[in-house]
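Source: prediction; values computed, not measured.
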Amino acid sequence: MNALTLKENLEKYTRMESCPIRNVLARFTGKWSILILCVLAENEKTRFNEISKAIPDISSKVLSDTLKNLEADKLIIRHYYGEIPPRVEYSLTLLGRSLVSKLHELIEWALENFDQFKN
């Protein structure tokens, strides 16, 4: 690889507004987003408390904020039922499902290599 090509390859990451890695991957690679997407992928619809039980080390506030961000990015949908008491369920959108299908290889890799990262 010549020096010019290397420089051009590296420059594409410095343009924040046009870098897919910064602008797309950063939307769902936070500490909890992928775990939440995995939980939602296993069920058609999942309630807040069920997600919280599945990921017990996440605070309610962080879970709520992460769900709002995933919804804003159109990866999940919030279903509100005007019952008494009100019921809210979350599910993956088509975009969210397409993302989870791409994450399966990463998840498999993590399961296979988990021992390499233990303290």
Side-chain angles (χ1 to χ4, degrees):
M1 180 179 300
N2 66 40
L4 182 59
T5 305
L6 177 61
K7 183 180 180 205
E8 290 171 349
N9 283 338
L10 294 176
E11 280 183 4
K12 67 184 169 192
Y13 300 112
T14 63
R15 294 184 211 114
M16 286 189 271
E17 68 284 347
S18 64
C19 179
I21 293 170
R22 289 178 189 239
N23 290 289
V24 175
L25 295 181
R27 306 289 227 178
F28 61 84
T29 55
K31 182 175 181 179
W32 302 107
S33 297
I34 292 176
L35 281 174
I36 292 169
L37 292 170
C38 289
V39 169
L40 294 176
E42 293 181 5
N43 304 291
E44 189 173 324
K45 293 182 181 177
T46 310
R47 295 179 76 165
F48 183 93
N49 286 338
E50 294 167 331
I51 300 168
S52 184
K53 287 177 186 172
I55 310 171
D57 49 335
I58 188 172
S59 72
S60 292
K61 179 178 179 357
V62 172
L63 175 56
S64 179
D65 290 346
T66 305
L67 289 167
K68 286 176 186 172
N69 290 336
L70 292 170
E71 182 182 13
D73 290 334
K74 298 179 176 76
L75 295 172
I76 67 170
I77 189 165
R78 180 180 184 267
H79 305 274
Y80 175 80
Y81 301 93
E83 304 168 347
I84 298 178
R87 180 170 50 112
V88 177
E89 296 176 332
Y90 298 89
S91 62
L92 294 175
T93 62
L94 289 176
L95 183 64
R97 279 189 253 265
S98 70
L99 171 59
V100 170
S101 73
K102 303 297 183 200
L103 291 173
H104 280 298
E105 283 189 51
L106 176 61
I107 294 164
E108 287 177 25
W109 182 88
L111 292 170
E112 291 169 5
N113 294 286
F114 178 65
D115 291 337
Q116 302 292 322
F117 295 92
K118 287 184 176 179
N119 293 333

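Two residues are said to be in side-chain contact when any heavy atoms from C-beta on lie closer than 4.5 Å; I58 and I36 meet this criterion. Side-chain atoms of L111 and I107, non-hydrogen and from C-beta on, do get closer than 4.5 Å to each other. Using a 4.5 Å heavy-atom cutoff, the side chains of L75 and V100 are not in contact.
In the hydrophobic clustering of this structure, L106 groups with L70; members are Ile, Leu, Val, Met, Phe, Trp, Tyr whose side-chain heavy atoms approach within less than 4.5 Å, directly or through other members. Hydrophobic clustering, with ILVMFWY side chains joined whenever heavy atoms are under 4.5 angstrom apart, groups V88 together with L67. Both L25 and L37 sit in one connected hydrophobic cluster of ILVMFWY residues. Membership requires side-chain heavy atoms under 4.5 Å apart, directly or through other members.
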Distance-only check: which donor-acceptor pairs under 3.5 Å involve side-chain atoms of residues 46-56, not counting sequence neighbours?
{"unit_1": "E50", "atom_1": "OE1", "unit_2": "R47", "atom_2": "N", "d": "2.7"}

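Summarising the geometry, atom CG belonging to L35 is positioned 11.0 Å from atom CG belonging to L40; distances are rounded to the nearest 0.5 Å. Note that OG1 of T66 and CD1 of I34 are 12.0 Å apart. Values are rounded to the nearest 0.5 Å. Once rounded to the nearest 0.5 Å, the distance linking NZ of K74 with CG of L99 reads 15.0 Å.
Considering only residues two or more places apart in sequence or on other chains, H104 meets the side-chain hydrogen bond (donor to acceptor under 3.5 Å, both in side chains) condition with none of them.
Listed by first and then second residue, the ring-ring contact (aromatic ring centres under 6.0 Å, His included) pairs that reach into residues 64-83 come to none, sequence neighbours excluded. Identified under the salt bridge (Lys or Arg N to Asp or Glu O under 4.0 Å) test for residues 57-72, with sequence neighbours left out: K61-D65. Applying the salt bridge (Lys or Arg N to Asp or Glu O under 4.0 Å) definition to pairs two or more places apart or across chains, those involving residues 77-90 are E83-R87, R87-E89. Sorted by first and then second residue, the pairs that involve residues 108-117 and meet side chain to side chain donor-acceptor pair (under 3.5 Å), not counting sequence neighbours, are D115-K118.
Between the side chain of S64 and the backbone N or O of S60 there is no donor-acceptor pair closer than 3.5 Å.
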